[in-house]
J.: 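This is the structure I want to talk about, given as structure tokens.
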Amino acid sequence: MNGWLLAAGITALIVAMVHIVAGHRDVVRPLLSCGVADEPKRVLHAVWHMVSIDLVFSGLVLLHLSLKDGTPGAGMVAWFVAAHFLAYAAVFLVVTLSVGWPGPLLRLPQWILLLPVAALTAAGAA
């Protein structure tokens, strides 16, 4: 068993739950009740659900990989998931820092949840 990937999988599933619960309350409900036109509103709603699925599947893949340590191709998949979470964290950091908010790093703190999954997964893939 690969403990790093197990920790990454558990963390990714926690991130998914935070995304689903807090994101629905803090992002989806306000989005659906705002005055944005229906098409972009529904596209953003669908994208939010796609990210929810992506986070859950990634966590499940990491749990599976943790049990299949040494299986051919497992390292490549783990590196892909690590890069995936690193890219998500980078997007949040770039968007947050480009807005010019005071104290920007905590305005969109999603990167704080995503970066540990990338780090744990990379440690497990190495």
J.: For Leu93, does its backbone N or O pair with a side-chain atom of Thr96 as donor and acceptor, under 3.5 Å?
T.: no
J.: Flag yes if Val99 and Tyr88 sit in one hydrophobic cluster, no otherwise; membership is Ile, Leu, Val, Met, Phe, Trp, Tyr, and two members link when side-chain heavy atoms are under 4.5 Å apart.
T.: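 Hydrophobic grouping puts Val99 with Tyr88.
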J.: In this structure, would Leu115 and Leu97 fall into the same cluster of hydrophobic residues linked by side-chain contacts under 4.5 Å?
T.: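 As far as the 4.5 Å side-chain criterion goes, Leu97 and Leu115 are connected within one cluster.
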J.: State yes or no: do Val27 and Leu44 share one hydrophobic cluster built from I, L, V, M, F, W and Y residues joined by side-chain heavy-atom distances below 4.5 Å, directly or via other members?
T.: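 Per the 4.5 Å side-chain linkage, Val27 and Leu44 are not co-clustered.
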J.: Minimum heavy-atom separation for Val61 and Val77, please, with both atom names.
T.: CG1-CG1, 3.8 Å
J.: Mind checking the CG-CZ spacing from Leu113 to Phe85? Nearest 0.5 Å is all I need.
T.: 10.0 Å
J.: Would you give the length of the straight line joining atom CG of Leu32 to atom CZ of Arg42, rounded to the nearest 0.5 angstrom?
T.: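 Between atom CG of Leu32 and atom CZ of Arg42 there are 5.0 Å.
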J.: Would you say the side chain of Met17 lies within less than 4.5 Å of the side chain of Val56, judging by non-hydrogen atoms?
T.: no
J.: Please collect all ring-ring contact (aromatic ring centres under 6.0 Å, His included) contacts where either partner lies in residues 102-121, sequence neighbours excluded, each pair once.
T.: none
J.: Could you check whether any side-chain N or O of Ser58 sits under 3.5 Å from a backbone N or O of Leu55, counting only pairs where one atom can act as donor and the other as acceptor?
T.: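 Side chain of Ser58 to backbone of Leu55: no pair is present.
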J.: Give the minimum heavy-atom separation between Ala74 and Leu65, together with the two atoms involved.
T.: CB-CD2, 3.7 Å
J.: How far apart are the closest heavy atoms of Gly75 and Ala125, and which atoms are they?
T.: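 The pair with the smallest heavy-atom distance is O-CB, 4.1 Å.
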J.: Can you tell me how far CG of Leu106 sits from CD1 of Ile112, rounded to the nearest 0.5 angstrom?
T.: 5.0 Å
J.: Counting only N and O atoms by type, is there a donor-acceptor contact under 3.5 Å from the side chain of Lys41 to the main-chain atoms of Ser33?
T.: no
J.: Distance from Met1 atom CE to Leu67 atom CG, nearest 0.5 Å?
T.: 5.0 Å
J.: How is the hydrophobic cluster of Trp4 composed, in terms of its other members, when Ile, Leu, Val, Met, Phe, Trp and Tyr link through side-chain heavy atoms under 4.5 Å apart, directly or indirectly?
T.: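 Members alongside Trp4: Leu120.
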J.: Which atom names give the shortest non-hydrogen contact between Ala82 and Ala118, and what distance separates them?
T.: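 Scanning both residues, the minimum pair turns out to be O-CB, 3.5 Å.
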J.: Would you kindly confirm whether Met50 and Leu31 end up in one hydrophobic cluster when ILVMFWY residues are joined by side chain heavy atoms under 4.5 Å apart?
T.: no
J.: Under a 3.5 Å cutoff, is there a donor and acceptor pairing between the side chains of Trp48 and His24?
T.: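 Judged by distance alone, the side chains do not pair up.
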J.: Which value, rounded to the nearest 0.5 Å, describes the distance between Ile14 atom CD1 and Ile10 atom CD1?
T.: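 Result: 7.0 Å between the selected atoms.
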J.: Identify the two heavy atoms, one from Thr121 and one from Ala8, that lie closest to each other, and give their separation to 0.1 Å.
T.: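 It is OG1-CB, 3.3 Å.
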J.: I need the Ile53 CD1 to Ile20 CD1 distance, nearest 0.5 Å.
T.: 9.0 Å
J.: Which heavy-atom pair separates Leu62 from Ala12 by the least distance, and what is that distance?
T.: CD1-CB, 4.2 Å
J.: Applying a strict under-4.5 Å side-chain criterion to I, L, V, M, F, W and Y, I'd like to know whether Leu5 and Met76 cluster together.
T.: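 Unlinked, Leu5 and Met76 end up in two clusters.
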